[in-house]
Each structure stands twice: as structure tokens, then as C-alpha cells.
Amino acid sequence: MTKKICFFLLIALHIGCKSVTVNNQLQRTTTAPVELGTIGLHEDYYPYDRFTITTTPKLDRKVRVKAVKHTFNKRKFNAYENTSPYNRMQLQYIDSLPDKPEYIALELIDHVNHTAMLNEDPDLLDYLKTRTGAFMVTSVAAALHGVHVQAISNAESVFLVYDPDISKYYLEINNRDKTILKVRMEDMDIFAYGLSFFCWGENPRHRLEIKDIVEEDQRCPAGTYKKASKVKKKVNYFKL
């Protein structure tokens, strides 16, 4: 019994050391490349906690992003330094000084539009149906150069946009003066991220589809399932 208690205490300590709170939600810290909107596989068994990007879904419409500016505390700044050991953004954190560097928290918030676009890609659905360990990065905390921090925090709206020429996403910043700024994923150092999984159900034609995108600590809505195989099979999908 004592060994089990010690084991779970070690896991809790491991999770605590590998996470920070952003917008009142726990996010995992990372030193590996992570990008908003990408899908990948997550290993969360002790002592490993890592996310590997496997695909960047093609999107033909923009996805709205919630963007909030925050001030670094010591714990989050340490996470940033681990991600960017050479301090690419040239940030400085000094406990004794009142002015602290800032970062941006980004979160995908248009799940209805996003889910509809994912369902339009049959190859992506085939890939996800058999992979219950697949997650989407739906929130990140990122350090950026000051000009980008201010542009995003002052923006009228922010969107995630897919660039088919390079098969990657970028942020579209719509300013109040109607000008538009593009911020590439390479322009930010993401030091923490949050994951969501897919909930499956049937469409009116009784075909499997993604019904919702749900944060990893939540449950699927009634009538939907994390495993596509659990959806009630009213027809033989392999014959459709």
C-alpha cells in the first residue's frame, strides 16, 4: 500500500513540475515543438509526458482564436527559458523590478466551425477513427517579440489560418484600423500547451463523424464517445 501511495505521489509531483496555470487552466510545459491547431500523439505515462505532431489538418476557412495578454511569473518564465535556452525573444525577468515581461495565451474557440471542416476531410477521419490517443493542441502560451504581443493584445480579432503553400498555420491579426498582420508559428516560442480530444457520433446518414472537440479533462457530451468504435453501428460503415 505504501509503495502505491509513493508511486501516485511521484506522478502528482511529476505533473506539477511539468505544468503551469494559464487562464485558470493547467497546461503542460514543453521543450519540443508544438503548434496551435495541430494533431498528434500524446504519451502521458510516468515518467514520460510528451506530444508528437503527426498532422496539420487542412482548413479552408478561418478558426477564431481567443488571445489574452499576461504577465510572466517566475515559474512561467523558467518554462520559457527551458523552451528557448538562448532567449530568442530577448526577455528579461528580474524579481526586484516591478515591470515584468509579457506573453500571449491563445485558445481555439470556434469548435463548431472547426469540427465541420475536420469532417470534410475523409482521409483525416480515417486516420483519427483508429487512434484514441490522438489529440489536438487547442491552447498555447507563447512568448513573442514586443511588437507582436502588442499587436495581438490590441487586435479586433485573431484567427488561425491554414497556408496551403507550406502546409502550416499562421495567426491572422485583424487590427481596428482594418489592416491585417500575419504572425507565423515560427515567430513565437510556445512554452506550454493544452490538449483536447475528439468526440464521435453519427451524422444523419449514419456515418461516423466528429461531433465535438473537448478539453482532455472533460467528458464527451451525451450520445458521443471518445472511441469511434463505441458509436452504435446502425449500418456497416465498411459498405458505405
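Atom CZ of residue R61 and atom CG of residue N113 lie 5.0 Å apart, to the nearest 0.5 angstrom. Atom CD in Q25 sits 6.0 Å away from atom OG in S139 (nearest 0.5 Å). Distance check: L195 CG to I213 CD1 gives 12.5 Å after rounding to the nearest 0.5 Å. Between the OG atom of S84 and the CE atom of M89 there is a distance of 6.5 Å, given to the nearest 0.5 Å. Between T29 atom OG1 and N78 atom CG the span is 10.5 Å, to the nearest 0.5 Å. Distance check, rounded to the nearest 0.5 Å: CE of M185 to CD1 of I166 gives 10.0 Å.
Qualifying ring pair (Phe, Tyr, Trp, His ring centres under 6.0 Å) partners for F191, counting only residues two or more places apart in sequence or in other chains: F72, Y103. A search for ring pair (Phe, Tyr, Trp, His ring centres under 6.0 Å) contacts involving Y93 returns F77, not counting sequence neighbours. With sequence neighbours excluded, the residues forming a side chain to side chain contact (heavy atoms under 4.5 Å, CB included) with T179 are N175, D177, listed by chain and number. Annotation: side chain to side chain contact (heavy atoms under 4.5 Å, CB included) contacts of A155 (sequence neighbours excluded): V158, I173.
No side-chain donor-acceptor contact under 3.5 Å links T138 and Y193. Residues T56 and E35 have side chains that never bring a donor and an acceptor to within less than 3.5 angstrom of each other. Looking only at atom types and distance, the side chain of Y162 has no donor-acceptor partner in the side chain of D60 under 3.5 Å away.
Panel note: side chain T54, backbone I39; a donor-acceptor pair is recorded below 3.5 Å. Here the side chain of N203 pairs a donor or acceptor atom with the backbone of R205 at under 3.5 angstrom. Here the side chain of T83 pairs a donor or acceptor atom with the backbone of A79 at under 3.5 angstrom. Judged purely by atom type and a 3.5 angstrom limit, S153 uses its side chain to pair as donor or acceptor with the backbone of Q150.
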Verdict with reasoning, E81 to N87, per side chain to side chain contact (heavy atoms under 4.5 Å, CB included): CA-CA 6 Å; E81 288 186 312; N87 194 7; over 6 Å; no
Full working for salt bridge (charged side-chain N to carboxylate O under 4.0 Å, His left out) between K168 and D163: CA-CA 5 Å; K168 290 178 71 69; D163 185 342; over 6 Å; no
Run the side chain to side chain contact (heavy atoms under 4.5 Å, CB included) check on T132 and F198 step by step: do they pass? CA-CA 8 Å; T132 56; F198 306 100; over 6 Å; no
From CA spacing to verdict: side chain to side chain contact (heavy atoms under 4.5 Å, CB included), L106, M188: CA-CA 11 Å; L106 302 169; M188 61 183 76; 4.3 Å; yes
Steps toward salt bridge (charged side-chain N to carboxylate O under 4.0 Å, His left out) verdict (E202, R207): CA-CA 5 Å; E202 288 182 331; R207 296 190 180 186; over 6 Å; no
Residue pair V183, E172: steps toward the side chain to side chain contact (heavy atoms under 4.5 Å, CB included) verdict: CA-CA 7 Å; V183 178; E172 178 186 283; over 6 Å; no
Go through E209 and K211 one step at a time and tell me if the salt bridge (charged side-chain N to carboxylate O under 4.0 Å, His left out) criterion holds. CA-CA 6 Å; E209 70 173 13; K211 289 294 187 180; 2.8 Å; yes
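Pairs engaging residues 63-73 under the side-chain hydrogen bond (donor to acceptor under 3.5 Å, both in side chains) rule: N23-H70 [sequence neighbours left out]. Sorted by first then second residue, the disulfide bond (SG atoms under 2.5 Å apart) pairs that include residues 165-216, not counting sequence neighbours, are C199-C220. For residues 124-167, the set of pairs meeting the disulfide bond (SG atoms under 2.5 Å apart) definition, not counting sequence neighbours, is empty. Applying the salt bridge (charged side-chain N to carboxylate O under 4.0 Å, His left out) definition to pairs two or more places apart or across chains, those involving residues 214-225 are R28-E216.
Other residues sharing the hydrophobic cluster of I94, ordered by chain and number and joined by side-chain separations under 4.5 Å: L97. V68 belongs to no multi-residue hydrophobic cluster, having no ILVMFWY side-chain contact under 4.5 Å with any other such residue. Applying the 4.5 Å side-chain rule to ILVMFWY residues, one finds V161, Y170 in the same cluster as F159.
Contact check for F51 versus L41: no side-chain heavy atoms found under the 4.5 Å cut-off. Side-chain atoms of T224 and D212, non-hydrogen and from C-beta on, never get closer than 4.5 Å to each other. H148 is listed as a side-chain neighbour of L181, based on a closest heavy-atom distance under 4.5 Å. The side-chain heavy atoms of V214 and S196, taken from C-beta on, include no pair separated by under 4.5 Å.
For Q92, the CD atom sits in a loose shell: 12 or fewer heavy atoms of surrounding residues, nucleotides or ligands are nearer than 6.0 Å. Surrounding CG of D95 are more than 12 heavy atoms belonging to other residues, nucleotides or ligands, all under 6.0 Å away. Heavy-atom neighbours of K74 NZ from other residues, nucleotides or ligands within 6.0 Å: above the threshold of 12.
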Going by atom type alone, with no hydrogens or angles, which donor-acceptor pairs under 3.5 Å involve a side-chain atom of residues 114-122 and a protein atom two or more places apart or on another chain?
unit_1, atom_1, unit_2, atom_2, d
T115, OG1, H111, O, 2.7
N119, OD1, I210, N, 2.8
N119, ND2, T115, O, 3.2
N119, ND2, I210, O, 2.9
D121, OD1, D123, N, 3.2
D121, OD1, L124, N, 3.2

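Contact between K226 and F197 at its shortest, heavy atoms only, is CG-CD1, 3.7 Å. Taking every heavy atom of both residues into account, G37 and L160 meet most closely at CA-CD2, 4.1 Å. Closest heavy-atom contact between A142 and I190: CB-CG1, 3.9 Å. Across all their heavy atoms, E156 and R176 have their closest contact at CB-CG, 4.0 Å. Residues N82 and P85 share a closest heavy-atom pair of O-CD, 3.9 Å. When all heavy atoms are compared, the tightest approach of Y169 to T38 is CE1-N, 4.1 Å.
There is no path of hydrophobic side-chain contacts, each under 4.5 Å, that joins I109 to M136.
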